[in-house]
Amino acid sequence: MKQSRRFKRIPGIALAAALGGMAASTAHAADDEAKGSSGDGDYSFALSGYARGWVSMNLQNQPELEQQGKKSRGKLSMVRGSVLLDADAKTGPIKWKAIGRLDREYKTKYLEDLEDLRATNGTTGGESILKNYNNFDIREFWAETDIGDRTTVKFGKQQLVWGESDFFHAMDLVHGYDLSWRLFFEGENEEWRKPLILLSTKIRVPEVKGMLAAYIRPGWDRCQDIGNTYDIGGGRWFFQPYRGFDLNEVTDKNCSHPSGDFRDATGGVRWSGEAFNLSYSLAYLKTFSADPVASSGSPGKSYEGVPVTGGVFDRIHPKIDVFGATLSGYSDALDAVLSAELAYTKDQPYNVGSGGFNPGNFASGVGNPGIGLNGVKLKDTLTTMLRIDKNLKFEGLLGTTRPSFSSIQLFNTQILNYKDSDDLVRLFAYGTKIKEHNTILTAFTVLNYKNDEINPGFAIGFDLSNGGGFAIPSVAMTLSDKWVAKVEADLFWDGGKSNKTQFSGEGSQLFGYFSKASQLVFRLTRQF
């Protein structure tokens, strides 16, 4: 009965499309067997991958360690290595893929300082800070087959990309992201997107230049696979002023909460096509809120009355409904591709309770305990993205070998039916109210020299609603057929909106979280 209840929550068209494709695949295989056929007789195997290393260095002193009389600037914040193996196989009509990745880090002196700081505030838990970063995971493991000329069915651990934006995401919400070790500045989205076990189907409809895609997530993933993962263990990418504070010691991630039970099935359906020289898509998702909200441990303020096991609060990812659309096309007048993305989210969860932490109110359950621990409110939101992509001809001005791909994106999230009296905050553990509109402007360009062997790049972003931003100058170099290197600086400014005192009501918005976290990063990859 429990399983049946979960599957009723999947959008009906997604269930019909995905299961219909699977049924057709079974019938097709049975027909082959009856004919004594083994498919098209195409059998192959290929193995590729990389070994990759990173070294990063702090460019600023951080207030958490300055208060302990320690410096951060000039210290190595990351010495990391990864090995990834990517296996592709074909057995008759079935394609297979398996990807595994091993990540290991060296404990730098800077990480030792953060680990020592956890001990001073009683959140060390007896575990190494490297637990935040060391990992081994089967990234993907799936089988795919075509059914006739129109239908493709894939089952297993995989990634689906349903969106158009780069730095921030409107419709790309099928998966959460592992932002614990480098946040969102690693260039390849597939490396930090968290794959899920899915049954996905694509049905091509050439008569109308369209394709119907659908997926079902049966709920067989791990708790850790749900939602975004942040460096809440007190590491180098925990938000200021919480570096050196292990939030795991006072909170739990509750993946069994009725509003966000990771065992519940979810799914989505998407139609994409072309009309009037424009590409478009329409989509619906039942998925989990990417960022967690806090179910407060204050008496009477836990979300939906579910008891809290994490002491101060539980981190939960309630399910949401997302309706989205994208549109893109080429403009002759601008010689550019224009894109738009729109996502309407029903019942996006937000924490409630601005101001600093009030222990008396928290213990009694009377009044506002502050820092987002006064409950959860559901608000509909509208997320929009406008984008222009253009090849800029810098050959004469800068001596590049070909036009330089460049992009500008304007990203806005609006809380519908916004009321100041709702007292919504942007993130738990901060007491700063969120605004009705939160608008980010980003831009980047990539230059190309020596036939793409040397590629300088520059990305920049501004928080137009709250101040602050980032800049990322970089140079990527192809050293040989096998070796690729990259050096970049991740630079932040907070616009005067940063919180330097834990559990206080000091104003801090998005780029205040990254205050004093500027880094210089080197990356070297050996492909094979």
Side-chain angles (χ1 to χ4, degrees), residues 48 50-57 59 84 161 163-169 172 182-193 277-279 326-341 385-411 440-464 469-493 511 518-528:
S48 60
Y50 64 72
R52 179 173 291 166
W54 294 260
V55 175
S56 67
M57 180 179 68
L59 297 178
L84 179 142
V161 182
E164 300 285 345
S165 52
D166 290 319
F167 287 107
F168 302 93
H169 305 103
D172 195 8
R182 185 108 198 279
L183 281 175
F184 56 82
F185 296 106
E186 196 67 11
E188 300 85 2
N189 283 354
E190 66 273 12
E191 295 287 358
W192 43 283
R193 190 180 288 112
N277 294 319
L278 297 173
S279 298
T326 66
L327 184 68
S328 64
Y330 177 74
S331 167
D332 288 318
L334 297 174
D335 187 25
V337 176
L338 305 180
S339 304
E341 187 171 354
M385 187 277 296
L386 302 176
R387 171 174 176 161
I388 179 170
D389 297 333
K390 183 177 176 63
N391 285 320
L392 299 178
K393 298 179 180 180
F394 290 139
E395 295 94 323
L397 179 64
L398 300 176
T400 56
T401 56
R402 64 179 177 88
S404 303
F405 179 74
S406 306
S407 180
I408 298 175
Q409 298 179 38
L410 183 68
F411 194 90
I440 305 291
L441 177 66
T442 68
F444 70 84
T445 189
V446 179
L447 309 178
N448 310 97
Y449 294 93
K450 294 188 65 178
N451 297 317
D452 291 352
E453 291 183 5
I454 301 176
N455 302 292
F458 183 73
I460 193 166
F462 303 93
D463 186 337
L464 302 182
F470 68 87
I472 309 175
S474 65
V475 179
M477 295 163 285
T478 300
L479 306 178
S480 69
D481 291 341
K482 302 295 185 182
W483 291 93
V484 180
K486 186 176 183 180
V487 57
E488 72 176 50
D490 302 328
L491 309 173
F492 305 94
W493 59 94
F511 289 106
S518 296
Q519 306 273 313
L520 184 63
V521 185
F522 301 87
R523 190 178 91 169
L524 182 64
T525 303
R526 172 59 162 87
Q527 301 169 334
F528 54 84

Identify the heavy atoms of [X] and [Y] that sit nearest to each other, and give their distance.
| X | Y | value |
| --- | --- | --- |
| Phe394 | Thr445 | CE1-OG1, 4.2 Å |
| Ala489 | Leu520 | CB-CD1, 4.2 Å |
| Trp493 | Ala471 | CZ3-N, 3.7 Å |
| Tyr449 | Pro456 | CD1-CD, 3.7 Å |
| Asp335 | Lys390 | O-NZ, 3.3 Å |
| Ile440 | Phe511 | CD1-CE1, 4.2 Å |

How far apart are the C-alpha atoms of Glu188 and Arg523, what are their side-chain angles, what is the distance that settles it, and do they pass the salt bridge (Lys or Arg N to Asp or Glu O under 4.0 Å) test? CA-CA 13 Å; Glu188 300 85 2; Arg523 190 178 91 169; 2.9 Å; yes

The test is salt bridge (Lys or Arg N to Asp or Glu O under 4.0 Å); show your working for Asp452 and Lys450 and say whether it passes. CA-CA 6 Å; Asp452 291 352; Lys450 294 188 65 178; over 6 Å; no

Between [atom1] on residue [X] and [atom2] on residue [Y], distance to nearest 0.5 Å:
| X | Y | atom1 | atom2 | result |
| --- | --- | --- | --- | --- |
| Leu398 | Lys393 | CG | NZ | 15.0 Å |
| Lys486 | Phe522 | NZ | CZ | 13.5 Å |
| Leu278 | Ser328 | CG | OG | 7.5 Å |
| Arg526 | Arg52 | CZ | CZ | 13.0 Å |
| Asp172 | Thr326 | CG | OG1 | 11.5 Å |
| Ser48 | Leu84 | OG | CG | 8.0 Å |

Verify side chain to side chain contact (heavy atoms under 4.5 Å, CB included) between Ser406 and Leu392, making sure each step is shown before the conclusion. CA-CA 7 Å; Ser406 306; Leu392 299 178; 3.3 Å; yes

Might you work through the side chain to side chain donor-acceptor pair (under 3.5 Å) test for Ser407 and Asp389, ending with a clear yes or no? CA-CA 4 Å; Ser407 180; Asp389 297 333; 2.6 Å; yes

Using side-chain heavy atoms (C-beta onward) and a distance below 4.5 Å, is Asp490 in contact with Val521?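 Asp490 reaches Val521 side chain to side chain.
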
Do Phe470 and Thr442 touch side chain to side chain, with heavy atoms closer than 4.5 Å?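 When only atoms from C-beta onward are counted, Thr442 and Phe470 do touch, with a gap below 4.5 Å.
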
Please test Asn391 against Arg402 for side chain to side chain contact (heavy atoms under 4.5 Å, CB included), starting from the C-alpha separation and ending with a verdict. CA-CA 9 Å; Asn391 285 320; Arg402 64 179 177 88; 5.6 Å; no

Using a 3.5 Å distance criterion without hydrogens, assess whether the side chain of Thr400 forms a donor-acceptor pair with backbone atoms of Glu395.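 The answer is yes, because a donor-acceptor pair under 3.5 Å joins these two groups.
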
Thr401 side-chain N/O to Asn448 backbone N/O, donor-acceptor pair under 3.5 Å: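 Answer holds: yes.
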
Scan the side chains in residues 473-482 for donor-acceptor partners under 3.5 Å anywhere in the protein, sequence neighbours excluded, and list what turns up.
from	atom 1	to	atom 2	distance (Å)
Ser480	OG	Lys482	N	3.2
Ser480	OG	Trp483	N	3.2

